[in-house]
Every structure is written in C-alpha cells, then in structure tokens.
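Accompanying notes for the structure given below.
The structure displayed is predicted, hence computed values, not measured ones. The chains referred to below are lettered A, B, ... by the order of the sequence lines, with proteins before strands, and numbering in each begins at 1.
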Amino acid sequence: AQSVTQLDSQVPVFEEAPVELRCNYSSSVSVYLFWYVQYPNQGLQLLLKYLSGSTLVKGINGFEAEFNKSQTSFHLRKPSVHISDTAEYFCAVSRYGGATNKLIFGTGTLLAVQP
Amino acid sequence: KAGVTQTPRYLIKTRGQQVTLSCSPISGHRSVSWYQQTPGQGLQFLFEYFSETQRNKGNFPGRFSGRQFSNSRSEMNVSTLELGDSALYLCASSLGTPDEAFFGQGTRLTVV
C-alpha cells in the first residue's frame, strides 16, 4: 500500500519570497508522483508529475519539484511566489506499472501568500 | 478541447434519499475515477472505471456505487444518504495509462 504525508497543513509566506512545500511518501513498490493545486470551489489542476527520468521536474506557474528516492520525498518549490499562488496544494502517488490510475493523496498544504 | 464536466455542481438532499452524480470525461479518455473530498478525511478514492469495467474500488460502503457507459460517461450513485456523505465529489479522467488525471470542478453534495 502507498501513503503520502504532507507535514505542513499551512505555510504562510510573503509575496516574492521562496517557498517549499514538503511531501514524503511510503510505498513498497515504485510509484509515480504528482502535485496538484486546488483553488476555492474548484477541482484539482496538475502542477507537475514525475513518471521517470530526470529527478528535477518543472511544472506550470514556475513550480518545480525534486524526486529523492532515498529520502522518499517529492518537495515542491517556487523561487518567488505571487498572491495568486494562494491555494491548497496536494501531493499524490499512484502505483508504477499498475493497471490503475488510482491516486493516493496527502492531506494538503494551504499556501497563504501575504502582501 | 472541452474539459471534464460534472453535473450538477450543487445538490442538497435529505438524509435517507439517494443521489446520482454524472461525469463526462474528456473526449477519448477511457478511464474515469471518483474521489470524495471532506475537511476531515481529505481526498479519498472511491472507484475507477475503464472501458465500462470497474478496475479498482476504494474502502467505501456498498451504498456507494458507480457505472460507466459505452461513451465513457460515468455516474456514481449514493443510496440511503447519511449526513456524513456531505462532501465535494470529484471526477477525474485520463487516457488509461498512469498519467495525468484531469479533474472536473466537482459536485458539492449537502445532506440535511
């Protein structure tokens, strides 16, 4: 079975400051990794994904994440945040090679960008 | 191209009733998954359909069921509604391989 831990339920940050949202996972098998963003009263939008290859993944809106297999982490970073980045961010995993698209989500991190 | 469409967006039902939610995936996508989102439990996987067959199911009671039609549209049904079923229900579609899942805007179900 897989599980995802997002230790920070809320991360306050000032506009134009850098930010890192942490994600750790547990799995007995290889996994694919994803970060999704959810704005109020909306569905989820994919920010970036790691399927294979380079461990540094670049996504939309200036976000990037690095897959660290030894530390089972997939932290999300942005060098300079904007007010519009205020949203809830979810880390998720799915089983590598499995005949399923089932996603296991973390509990989410609310990124609160202050002016 | 059109995104994932979920109907209705909002729904209010009375305890004990049943409800049916609909999801139209992106054209060409054969996989449809359903998730329940609540403040207490977060995002939880309900079930996944691929080419009209359920190929994965989450840990929910039998009151929760679903199906997928030949055009890939999917419905989920909840019978004998309980207050705890109040949630945002999200549908996601994908091509069928482990890849990006596209989410709809969800159906907000309130049980009173």
Side-chain angles (χ1 to χ4, degrees), chain A residues 1-10 23 25 27 29-53 57-60 63 65 67 74 87-110, chain B residues 3-7 9-10 21 23-26 29-51 53-60 66 68 72 74 87-108 110:
Chain A
Q2 296 84 46
S3 67
V4 178
T5 301
Q6 292 181 249
L7 286 172
D8 304 307
S9 59
Q10 187 168 349
C23 173
Y25 70 92
S27 178
V29 298
S30 295
V31 295
Y32 300 116
L33 295 151
F34 306 84
W35 273 100
Y36 282 87
V37 61
Q38 186 177 35
Y39 299 99
N41 297 315
Q42 298 292 319
L44 301 173
Q45 180 184 10
L46 183 72
L47 280 176
L48 46 79
K49 60 188 177 186
Y50 174 78
L51 302 181
S52 64
V57 180
K58 294 191 182 299
I60 63 171
F63 284 94
F67 170 55
F74 190 54
E88 186 130 32
Y89 293 78
F90 293 92
C91 181
V93 302
S94 68
R95 181 175 176 162
Y96 177 91
T100 178
N101 287 314
K102 173 183 176 180
L103 290 166
I104 304 296
F105 286 92
T107 51
T109 297
L110 176 61
Chain B
V4 180
T5 303
Q6 290 189 247
T7 56
R9 288 291 313 277
Y10 302 92
L21 311 182
C23 172
S24 293
I26 292 171
H29 285 193
R30 298 163 66 190
S31 170
V32 173
S33 299
W34 289 89
Y35 296 84
Q36 181 195 65
Q37 185 177 24
T38 60
Q41 299 298 318
L43 280 154
Q44 292 189 290
F45 172 79
L46 279 157
F47 26 66
E48 177 192 6
Y49 288 87
F50 181 79
S51 294
T53 301
Q54 186 183 88
R55 69 176 181 181
N56 212 333
K57 188 177 190 303
N59 189 25
F60 277 81
Q68 186 179 33
S72 293
S74 178
L88 180 66
Y89 289 88
L90 293 165
C91 165
S93 81
S94 62
L95 283 170
T97 56
D99 204 336
E100 178 177 356
F102 293 83
F103 282 81
Q105 290 192 305
T107 294
R108 173 76 62 184
T110 302

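- Residues Gln42(A) and Leu88(B) approach most closely at O-CD2, 4.3 Å, considering heavy atoms.
- Here CD of Gln38(A) is found 6.5 Å from CG of Leu43(B). Values are rounded to the nearest 0.5 Å.
- We find the OG-CG distance between Ser31(B) and Asn101(A) to be 4.0 Å, quoted to the nearest 0.5 Å.
- Looking at Leu90(B), only its side chain comes within 4.5 Å of chain A, counting heavy atoms on both sides.
- Residues Asn41(A) and Arg9(B) approach most closely at O-NH2, 3.4 Å, considering heavy atoms.
- Per-residue heavy-atom pair counts under 4.5 Å with chain B were compared for Leu103(A), Ile104(A), Thr107(A), and the maximum is reached by Leu103(A).
- Looking at Tyr35(B), the atoms closer than 4.5 Å to chain A (heavy atoms on both sides) all sit in the side chain, from C-beta outward.
- Rounded to the nearest 0.5 angstrom, Phe47(B) CZ and Lys102(A) NZ are separated by 13.0 Å.
- Residue Gln41(B) does not touch chain A at all, counting heavy-atom pairs closer than 4.5 Å.
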